[in-house]
2 protein chains.
Amino acid sequence: MMSAKILIVEDEPAIQELLAFNITQAGFQVLCAEDADSAWQQIRNQMPDLILLDWMLPGISGVVLAKQLRADAHTKDIPIIMLTARGEERDKVLGLESGADDYVTKPFSPRELMARIRAMLRRHAPQAPGETVAAGALELSPATHRVTAKGIAVELGPTEFRLLHFFMTHVERVYSRAQLLDQIWGTQAFVEERTVDVHIRRLRAALEPVKMDNLVQTVRGSGYRFSIN
Amino acid sequence: MMSAKILIVEDEPAIQELLAFNITQAGFQVLCAEDADSAWQQIRNQMPDLILLDWMLPGISGVVLAKQLRADAHTKDIPIIMLTARGEERDKVLGLESGADDYVTKPFSPRELMARIRAMLRRHAPQAPGETVAAGALELSPATHRVTAKGIAVELGPTEFRLLHFFMTHVERVYSRAQLLDQIWGTQAFVEERTVDVHIRRLRAALEPVKMDNLVQTVRGSGYRFSIN
DNA sequence: CCCATGCTGTCATCTTATTGTCATCAATTC
DNA sequence: GAATTGATGACAATAAGATGACAGCATGGG
């Protein structure tokens, strides 16, 4: 999964650093801002996936910023976690009413904060499972993560599954190894092009028992193609 | 008909007792909580059919709790009756907007309260409290909170029970740990994803004596799947 | 009220499936 | 038949899941 970008809006350097450290540690990308203005700037440039917002900010307060964020069509769907100093009920209510999706009271435990961040992100990014795709007698269902050929189960590793899924949704077209790397492994992966060969072979091997290995075709000098012929 | 479970969320012991007495008297099951946290706990364990919610609560207020309840897929259909101290219209509106289905102002007459509760339950009755579900030789009955395999009782803890129930009602589909956390633990719980593994193991261990542990399948890289194969 | 018991969530550790890379072999191309 | 280009089998590193242990709580009896 592509790591999410998290914007920290916090004026106190010490806390900002603490947050940044923990969040980076957890494998997320971190953006920082000390006030509402720089927050907006960051948002325009980077469009974070989640915002950690300090309740008290110099100038425009966190609550106001949250309201602004909610009012803007571009940002109204970004989940906001409010950081409040006191655990006062009034604050909590206001925080939630102001558009924050969750709040954490300082001092907070890194564990809890990270858990809340993850929960928020997970809820907010409903993965589209995708429809069952078919090619000839081959069927692949992302929802159940199963592949069958003429009703017989086909065993695939994760990478081969993704590879076949891509092929079945992009039939008849030739893809170079580089293109396949981008599509299946993602653009940031640093993997040898030859590795594609190996996975192609593994996919073929998995399709061999049901005599469908010939669907994965080599186009010499160009790459590979999936075809129902 | 199975008597309904009613959760009372009220911090004042005197009122809580009064409510509990009346409601028990009327033949319902009573659950109690003094604040939002213990309310959530009760809900996770017992899933009430109706919630009586005090407007003013220490910590997270009743309004906020109501909103949270509405936001969670598991609880969003549970009818909520809000208890407000003052009869102010503003409060009432807010209470209703916050997701409450009805409100009663304190001091209230037990007669009136019970009438409203019954009306609410009656209106909301068509909600299937959970039919007995079966998968192969496995049977799970939410009503009796029992699980049997080929007639042999299967011992499960509360979490494993909910997990199995979810699986049995969502057969064949793969769920990521994150999705299972949302579905079984609720969206507000902050729990490690690895914890899912442990409960999966416990569920398998419980199903092992009846040789049905293989129904809970691991889909490497994706999550888990329940399947009758 | 206190203790026994059971349930939970978390860790640290162990196991195993999957991955990426090579070296080598086979085929095509010119 | 030399030079490319792809196929394959082996292998070590890695990542992901399974498992056992454990401490904190909650629950329910006594």
Side-chain angles (χ1 to χ4, degrees), chain A residues 1 3 26-27 109-112 114-116 118-119 145 154-164 174-178 180-181 184-186 188-208 213-214 216-225, chain B residues 30-35 37-46 145 147 154-164 174-178 180-181 184-186 188-208 213-214 216-225:
Chain A
M1 171 187 158
S3 91
S109 82
R111 286 187 57 73
E112 176 183 343
M114 290 318 302
R116 285 185 187 276
R118 267 189 280 261
H145 209 275
V154 175
E155 296 300 327
L156 291 179
T159 306
E160 284 70 52
F161 186 88
R162 269 176 289 141
L163 187 55
L164 179 58
V174 180
Y175 292 93
S176 69
R177 292 176 175 73
L180 289 173
L181 280 181
I184 318 296
W185 277 259
Q188 79 300 338
F190 51 104
V191 172
E192 291 291 322
E193 288 206 349
R194 295 271 125 230
T195 298
V196 174
D197 297 33
V198 179
H199 282 279
I200 287 284
R201 178 183 144 274
R202 286 173 180 157
L203 176 54
R204 283 176 174 155
L207 291 174
E208 193 278 319
D213 53 320
N214 58 325
V216 182
Q217 305 170 349
T218 304
V219 180
R220 193 181 178 84
S222 302
Y224 297 95
R225 170 180 56 205
Chain B
V30 169
L31 309 172
C32 285
E34 314 74 39
D35 54 36
D37 285 336
S38 54
W40 272 111
Q41 210 169 298
Q42 291 276 24
I43 291 164
R44 270 196 293 278
N45 292 334
Q46 300 282 325
H145 208 274
V147 179
V154 175
E155 295 301 325
L156 291 179
T159 306
E160 283 70 50
F161 184 86
R162 270 175 289 140
L163 187 55
L164 180 58
V174 177
Y175 293 93
S176 68
R177 292 175 175 71
L180 290 173
L181 280 182
I184 316 297
W185 277 259
Q188 80 304 330
F190 46 97
V191 170
E192 291 290 323
E193 288 206 348
R194 293 272 131 232
T195 298
V196 175
D197 297 33
V198 178
H199 283 278
I200 287 283
R201 178 178 146 279
R202 287 171 180 157
L203 177 54
R204 282 176 174 156
L207 291 174
E208 194 277 319
D213 53 320
N214 58 327
V216 182
Q217 305 172 347
T218 303
V219 180
R220 182 168 260 255
S222 299
Y224 296 96
R225 171 180 53 205

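Chain naming here is simple, since letters A, B, ... match the order of the sequence lines and numbering starts at 1 in each.
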Set of side chain to side chain donor-acceptor pair (under 3.5 Å) partners for [X], sequence neighbours left out:
{"X": "A:Asp197", "answer": "A:Arg177, A:Arg194"}
{"X": "B:Glu193", "answer": "none"}
{"X": "B:Gln217", "answer": "A:Arg146, B:Arg225"}
{"X": "B:Thr159", "answer": "B:Arg162"}

message: Under 4.0 Å, heavy atoms only, any strand: does A:Glu160 hit a base, just the sugar-phosphate, or nothing?
response: sugar-phosphate
task: Look at B:Thr218 and D:dA18 and indicate whether a side-chain polar atom (N or O) is within less than 4.0 Å of OP1 or OP2.
output: yes
message: Is there a side-chain contact between B:Tyr224 and the phosphate of D:dA16, meaning an N or O under 4.0 Å from OP1 or OP2?
response: no
I need the [atom1]-[atom2] distance between [X] and [N], as an integer number of Å.
{"X": "A:Leu180", "N": "C:dT19", "atom1": "CG", "atom2": "C1'", "value": "17 Å"}
{"X": "B:Leu203", "N": "D:dA18", "atom1": "CG", "atom2": "P", "value": "12 Å"}
{"X": "A:Leu181", "N": "C:dT19", "atom1": "CG", "atom2": "P", "value": "14 Å"}
{"X": "B:Leu163", "N": "C:dG9", "atom1": "CG", "atom2": "C1'", "value": "14 Å"}
{"X": "A:Phe161", "N": "C:dA17", "atom1": "CZ", "atom2": "C1'", "value": "17 Å"}
{"X": "B:Arg201", "N": "C:dA12", "atom1": "CZ", "atom2": "P", "value": "17 Å"}
{"X": "B:Trp40", "N": "D:dC25", "atom1": "CH2", "atom2": "P", "value": "22 Å"}
{"X": "A:Leu156", "N": "C:dT19", "atom1": "CG", "atom2": "P", "value": "10 Å"}

- line: Here the pair of heavy atoms bringing A:Val154 nearest to A:Ala206 is CG1-O, 3.6 Å
task: Quick one: pull up CG in B:Leu181 and OH in B:Tyr175 and give me the separation to the nearest 0.5 Å.
output: 14.5 Å
- request: Take B:Gln42 and B:Ile200, find for each the nucleotide of DNA chain D with the closest heavy atom, and name the residue whose nucleotide sits nearer the 5' end.
  value: B:Ile200
- prompt: DNA chain D: B:Asp197 or A:Asp197, which has the more 5' nearest nucleotide?
  reply: A:Asp197
statement: One would report the end-axis bend of the helix from C:dC1-D:dG30 to C:dC30-D:dG1, five pairs per end and rounded to 10 degrees, as 30°
- prompt: A:Tyr224 and A:Leu180: side chain to side chain contact (heavy atoms under 4.5 Å, CB included), yes or no, with the steps?
  reply: CA-CA 9 Å; A:Tyr224 297 95; A:Leu180 289 173; 4.2 Å; yes
- line: By salt bridge (Lys or Arg N to Asp or Glu O under 4.0 Å), B:Glu34 pairs with (sequence neighbours left out) none
All side chain to side chain contact (heavy atoms under 4.5 Å, CB included) counterparts of B:Asp213, not counting sequence neighbours: B:Arg204, B:Leu207, B:Glu208
message: For A:Arg202, give me all partners under side chain to side chain contact (heavy atoms under 4.5 Å, CB included), at least two apart in sequence or on another chain.
response: A:Glu160, A:Val198, A:His199
Just the table, please: protein N/O against nucleotides 28-30 of chain C N/O, every pair under 3.5 Å.
none

- prompt: Any side-chain heavy atom of A:Leu163 within less than 4.5 Å of one from A:Ile200?
  reply: yes
- request: Assign a letter to each nucleotide of nucleotides 20-25 of chain C from its 5' end: B, base within under 4.0 Å of a protein heavy atom; S, sugar-phosphate only; -, no contact.
  value: BBB---
statement: The ring-ring contact (aromatic ring centres under 6.0 Å, His included) partners of B:Phe161 (sequence neighbours excluded) come to B:His145
